[in-house]
Protein chains: 2
Amino acid sequence: MFTKVKFVFSRKGAAIIARSTIGKIRGTYDQLSRTEKKVAQLALDNPAVVSEMTIKELAAASNVSTATISRFVKRMDYANYREFTMALAHTAAAMTPQQSSFPELAEGDSLATIANKTFRFSVNSLRATNDALNEDDLARAVLKIINAKTLAFFGLGGSSIAALDGYHKFLRTSLNVVYHPDYDIQLMQAAKMTADDCAIVISHSGRNHETLQIVRELTRNGVAIIVITSYSGSELAQAAAVTFLSLTDEVKYRSEGMYSLISQLTILDSLFMMTVLRISSRTQPVLTRVRDVIEHTRDES
Amino acid sequence: MFTKVKFVFSRKGAAIIARSTIGKIRGTYDQLSRTEKKVAQLALDNPAVVSEMTIKELAAASNVSTATISRFVKRMDYANYREFTMALAHTAAAMTPQQSSFPELAEGDSLATIANKTFRFSVNSLRATNDALNEDDLARAVLKIINAKTLAFFGLGGSSIAALDGYHKFLRTSLNVVYHPDYDIQLMQAAKMTADDCAIVISHSGRNHETLQIVRELTRNGVAIIVITSYSGSELAQAAAVTFLSLTDEVKYRSEGMYSLISQLTILDSLFMMTVLRISSRTQPVLTRVRDVIEHTRDES
DNA sequence: TGAAATGTGAAACTTCTTTTCATATAATGT
DNA sequence: ACATTATATGAAAAGAAGTTTCACATTTCA
């Protein structure tokens, strides 16, 4: 059957990209429809239980049709429901030892408690962000960074901090890096850039008007854009060649962007480390291997 | 179902106590029929692969009928084939030697590995930093921040990022905050401040010459100084009213200050959260409680 | 050797999953 | 605001996967 063949291919693809199931769900969460979110929530809340359910049971538990769930797992890149539950069980098992903590600051908290919760929240954000990364994206990003004639950072408001940090870090490399805190100058910088260059754009919401202006300018010039944002559905994310998600543990909750900064920084840090290690070993094999990964996975989406 | 009961009775006294799936198969192996042994062998040889097969695939792979396999798993005491594969996947996963946290980047690392290690390292740094905090210091710091006429941030070089972030955060409060990236202006700012003010000084090493210059100026003016640094022994730390340590997991290793930034940010974040919660509840009881803590612990150090 | 017991696969049957299709809802352009 | 086009959704048909039945083969044991 044709379907069989189709599945065989898609399964291979999934295996390469695969990240923790929970990370995958988090990563795509805000692109999901209302009903699908109910399913996602349930799976996030107790993966272990959900992984043992049949599709019917899960449908009943989340008040949606089995059809919706079937489509949901496909959207998550699993070949079928069975593969999904297996993967879920897998990550659930890996997670069990650590308590999936639930920080929520209250006015009555002691100072030590506030500090502890803050740290815990940061850790959770990092974990969520890490789970949502995939090697394919990393490979593409590093390749673009390494080959860029100029590497420019863009970030306004709260994200200017992350942009500045990225600039600082990459200054230590042999790359030609640029960053300026001022919006107008960022815009001018964007206008100057070409297809040989690479831009790393950071924006928590992905909806900031000025940032989008810059991105449009970059797009017009054919600049390779790497985006770090918290919402995969944003226009910003759409325009990017590569998107990294800086996630916080609880999707719904708390003063926007407070914790995404840490995730943003660590994503930048990862990119930096990868770049350094790749540049320092400028041997051909490595680079071609990176290219292989890319070629191998390009025709998927 | 009755069938279930029937099987339990008809075959030998079932192994009731949970064992790893593989253990179960081994334990029952010699009681199995010839065909069933073929299935068992396959499952033992590579559980991970078998756990992903459908019953048909496994039947084909082991040259037996699906019926036999269905009976086989029942004999193993699983309710159905699906439960069997889940359990198999479980133990297979548990068997794979999972590397626990020993981050140390190497040139051969894959991109995903680099990213994972980077995140793990950040988490470790946060944990270490959190462990080093104590409530006493927090209380003192918050009290100084809340009562300051002006709250100024100081940080140069890499630490300017943390200082900027602190500035950004505290801008959201009703406090009067100040920060300027330029060293000369920071120095002038320091000269302007008085005993009514509070300064948050950030420096990874605590040995930066310019930063020390600023601190001396602050000290001369009797400004309350809160320091965030990685070395408790530094002159900077000595001059401070309160010192917070931003630790990295491994003190010895790696490009200085790379990970302390995250810790610095989270310390600032903690201070911010505490400040917000304390300011918003400007009730006397809380403040006096804070004072109590201080009085209570002052003669400790 | 023959009766009873056990093992086995084909196929019927049941249950689970996916796809189709009609409808409802939201987004978009005019 | 209205029509038109996407998108989302559940019911039900279609398709797979898994289980049980049944008829036949093999072994066991008197």
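Letters go in sequence order (proteins before strands), and every chain restarts at 1. Below, all heavy atoms of this structure are taken into account, side chains as well, without hydrogens, waters or symmetry copies.
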Between [X] (side chain only) and [Y] (backbone N and O only), is there a donor and an acceptor less than 3.5 Å apart?
{"X": "Ser125(A)", "Y": "Phe121(A)", "value": "yes"}
{"X": "Ser270(A)", "Y": "Thr266(A)", "value": "yes"}
{"X": "Asp197(A)", "Y": "Thr194(A)", "value": "yes"}

Rounded to whole Å, how long is the line connecting atom [atom1] of [X] with atom [atom2] of [N]?
{"X": "Asn63(B)", "N": "dA10(C)", "atom1": "CG", "atom2": "C1'", "value": "16 Å"}
{"X": "Ile55(B)", "N": "dT15(C)", "atom1": "CD1", "atom2": "P", "value": "16 Å"}
{"X": "Glu57(A)", "N": "dT15(C)", "atom1": "CD", "atom2": "P", "value": "13 Å"}
{"X": "Leu58(B)", "N": "dG18(D)", "atom1": "CG", "atom2": "P", "value": "10 Å"}
{"X": "Lys37(A)", "N": "dA8(D)", "atom1": "NZ", "atom2": "C1'", "value": "13 Å"}
{"X": "Glu36(B)", "N": "dG9(C)", "atom1": "CD", "atom2": "C1'", "value": "13 Å"}
{"X": "Glu83(B)", "N": "dT15(C)", "atom1": "CD", "atom2": "P", "value": "17 Å"}
{"X": "Ile69(B)", "N": "dT20(D)", "atom1": "CD1", "atom2": "P", "value": "15 Å"}

Would you mind telling me which of [options] lies closest to the side-chain atoms of [X]?
{"X": "Lys74(A)", "options": "dA8(D), dT19(C), dG9(C)", "result": "dT19(C)"}
{"X": "Thr54(A)", "options": "dG18(D), dG9(C), dT17(C)", "result": "dT17(C)"}
{"X": "Arg75(A)", "options": "dA8(D), dT18(C), dT20(C)", "result": "dA8(D)"}
{"X": "Lys56(A)", "options": "dG10(D), dT19(D), dT17(C)", "result": "dT17(C)"}
{"X": "Thr35(B)", "options": "dG9(C), dT9(D), dT20(C)", "result": "dG9(C)"}
{"X": "Arg71(A)", "options": "dG10(D), dT18(C), dT19(D)", "result": "dG10(D)"}

Which residue lies more 5' along DNA chain C, comparing Lys38(B) with Arg82(B) via nearest heavy atoms: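 So the residue in question is Lys38(B).
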
Under-4.0 Å salt bridge between Asp131(A) and Arg127(A):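 Not counted as a salt bridge, because no side-chain N and carboxylate O are separated by less than 4.0 Å.
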
So, OP1 or OP2 of [N]: does either fall under 4.0 Å of a side-chain N or O from [X]?
{"X": "Ser65(B)", "N": "dT8(C)", "value": "no"}
{"X": "Ser33(A)", "N": "dT9(D)", "value": "yes"}
{"X": "Thr68(B)", "N": "dG9(C)", "value": "yes"}

Rounded distance [0.5 Å steps], CD1 in Ile202(A) versus OG1 in Thr211(A):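 Answer for the CD1-OG1 pair, Ile202(A) versus Thr211(A), is 10.0 Å.
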
Separation of Lys149(A) NZ from Met193(A) CE (nearest 0.5 Å):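 Here the interatomic distance stands at 10.5 Å.
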
Set out, line by line, the N/O atom pairs under 3.5 Å between protein and nucleotides 22-27 of chain C.
none

Sequence-distant partners of Ser122(A), side chain to side chain donor-acceptor pair (under 3.5 Å), two or more places apart: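 Ser122(A) satisfies side chain to side chain donor-acceptor pair (under 3.5 Å) with no other residue.
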
Output field: ring centroids Phe170(A)/Phe153(A) closer than 6.0 Å: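 Yes, the ring of Phe170(A) comes within the 6.0 Å limit of the ring of Phe153(A), centre to centre.
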
